[in-house]
Amino acid sequence: MLRVGPLKPSLMDTLTGDYDALVLPEPSERAAFFSQHGESITAAVTSGRTGVDAELMSHLPNLGAIVHFGVGYDTTDVDAAAQRGIGVSNTPDVLNDCVADLAVGLVIDALRQVSFSDRYVRAGRWISDGNTPLTRQVTGKRVGIIGLGRIGTAIADRLVGFRCAISYHNRNEVDGSPHTYFSTPAALAGAVDVLIVAASGGKGTRHLVDADVLDALGPQGYLINIARGSVVDEDALVERLTDGRLAGAGLDVFANEPAVPEALLTLDNVVLLPHVGSGTVETRAAMEALTLQNLDQFLADGTLTTPVTR
Ligand code: 8YV
């Protein structure tokens, strides 16, 4: 089997030690690698950071499964995989709670200015400049969620405890949902104080949150993104956070990770995190276990535990 890209260190050790995993080399060394190993590789393990594109698939004629560490698989060409009969799996559900916890943390931080206030105290400004400016209340806010899937629902459940009125946008209305449905992201943005992006990445959601959506959210509005940077038009977001057309943002994901737009680094109305939504000991262990379960099942009988269904 083949490891594509870096993974959790203990998972990389297990793949090397217990599965004799080969590691995809640098592009300049791939031709020799493929001619020596291409035919023997039946499974690949990768993540939302790297993935397997159609070009790589074309060099692995016996590839049967692409096993993802992570719920997002937008880095893998799933259409090309389907055409070649290659199964794709991810690690759904086990990270819902931690990602939702972090989303709520970002809402609280963005509105109550937790990170800014911490910087303020550390810089000695409480003494030199006095109290910080007043912030915004979280309890009771109108919150819109783009993508009321597993993670979006876990976020909504938490914010109900803050007596927030929850609305959402999905491709289709969710049967039986107690929350208010909006058929477009702009209509949703226009009706809420806080817009949370929880939709999966990929071609279908690229720039779903565009300049018009951000303008509908407006100068009193906050954007939170724990999903994928690609879902938001990042240039439009940066412009509006810089000139006050948006109140603030809490961002765990970016368009070109690990690069963060320079202009955001000096803004105190923005909370910036290095893609840590699922990054707890507990959740990463559960993701690792589910990744290995998928791999073991594929090697045993050719099926996957949590295949990606589209
Ligand atoms: C991981 C994620 O950080 O699950 C996902 O889709 O974005 C995160 O949980 C990432 O996949 C690990 O590389």
Side-chain angles (χ1 to χ4, degrees), residues 2-16 21 23-24 44-53 56 65-78 81 88-106 145-155 196-206 208-209 224-232 234 250-260 271-295 304-310:
L2 178 69
R3 169 164 72 77
V4 181
L7 298 168
K8 185 173 186 267
S10 58
L11 178 56
M12 293 197 286
D13 288 347
T14 301
L15 293 176
T16 306
V23 180
L24 184 69
V45 181
T46 187
S47 77
R49 290 186 187 181
T50 317
V52 177
D53 61 17
L56 178 52
I66 301 168
V67 175
H68 273 260
F69 173 82
V71 69
Y73 49 87
D74 45 312
T75 47
T76 280
D77 188 335
V78 280
V88 178
S89 67
N90 64 347
T91 60
D93 290 318
V94 293
L95 42 62
N96 297 350
D97 286 332
C98 278
V99 177
D101 291 350
L102 194 87
V104 173
L106 280 172
I145 299 178
I146 297 207
L148 195 70
R150 302 179 185 98
I151 293 172
T153 300
I155 296 168
I196 303 180
V197 183
S200 48
K203 277 180 279 181
T205 58
R206 190 180 143 74
L208 193 60
V209 176
I224 306 297
N225 191 358
I226 47 76
R228 285 290 183 267
S230 61
V231 184
V232 177
E234 193 167 86
L251 307 173
D252 187 41
V253 290
F254 300 88
N256 299 305
E257 295 174 11
V260 173
V271 183
L272 304 169
L273 298 183
H275 198 146
V276 290
S278 69
T280 64
V281 170
E282 296 88 340
T283 284
R284 288 283 166 86
M287 290 164 65
E288 180 172 2
L290 187 50
T291 301
L292 290 172
Q293 193 181 331
N294 272 286
L295 180 60
L304 292 161
T305 316
T306 46
V308 169
T309 47
R310 304 176 66 230

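Just so you know, ligand 1 is whichever comes first in the structure, and atom 1 is the first atom listed for that ligand.
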Can you report which non-hydrogen protein atom sits closest to [atom], along with the distance?
| atom | result |
| --- | --- |
| atom 8 (C) of ligand 1 | Ser278 OG, 3.5 Å |
| atom 2 (C) of ligand 1 | His275 NE2, 3.6 Å |
| atom 11 (O) of ligand 1 | Phe69 O, 3.5 Å |

I'd like to check which ligand 1 atoms, numbered from 1 as shown, lie under 4.0 Å from a non-hydrogen atom of [X].
| X | answer |
| --- | --- |
| Arg49 | 3 (O), 13 (O) |
| Gly72 | 4 (O), 5 (C), 6 (O) |
| Ser47 | 13 (O) |
| Leu95 | 4 (O), 9 (O) |
| Arg228 | 2 (C), 5 (C), 6 (O), 7 (O) |

Quick one: does Lys8 get within less than 4.0 Å of ligand 1, heavy atoms only?
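Flag not set, Lys8 not near ligand 1.
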What's the separation between atom CD1 in Ile224 and atom CG in Leu102, rounded to the nearest 0.5 Å?
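So the gap between those two atoms works out to 10.0 Å.
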Using a 3.5 Å distance criterion without hydrogens, assess whether the side chain of [X] forms a donor-acceptor pair with backbone atoms of [Y].
| X | Y | answer |
| --- | --- | --- |
| Ser230 | Arg206 | no |
| Thr76 | Val52 | yes |
| Asn294 | Thr305 | yes |

Measure [X] to ligand 1 on non-hydrogen atoms and call it side chain, backbone, both or neither using the 4.0 Å cut-off.
| X | result |
| --- | --- |
| Met287 | side chain |
| Arg284 | side chain |
| Thr91 | neither |

Does [X] reach the side chain of [Y], with side-chain heavy atoms less than 4.5 Å apart?
| X | Y | result |
| --- | --- | --- |
| Arg3 | Leu11 | no |
| Thr306 | Thr91 | no |
| Ile151 | Leu95 | yes |

Would you say Gly70 and ligand 1 have an N/O pair spaced under 3.5 Å apart?
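In fact, backbone or side chain, Gly70 has no N or O that close.
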For ligand 1, is there an N or O atom under 3.5 Å from any N or O atom of Val71?
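There is such a contact, yes.
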Could you check Val45, Thr291, Thr46, Thr14 and say which one makes a side-chain contact (heavy atoms from CB on, under 4.5 Å) with Leu7?
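Result for side-chain contact (heavy atoms from CB on, under 4.5 Å) with Leu7: Val45.
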Please tell me whether Arg284 and Ser278 have a donor and an acceptor in their side chains that are separated by less than 3.5 angstrom.
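Yes, because at least one side-chain N or O of Arg284 sits under 3.5 Å from a partner of the opposite role on Ser278.
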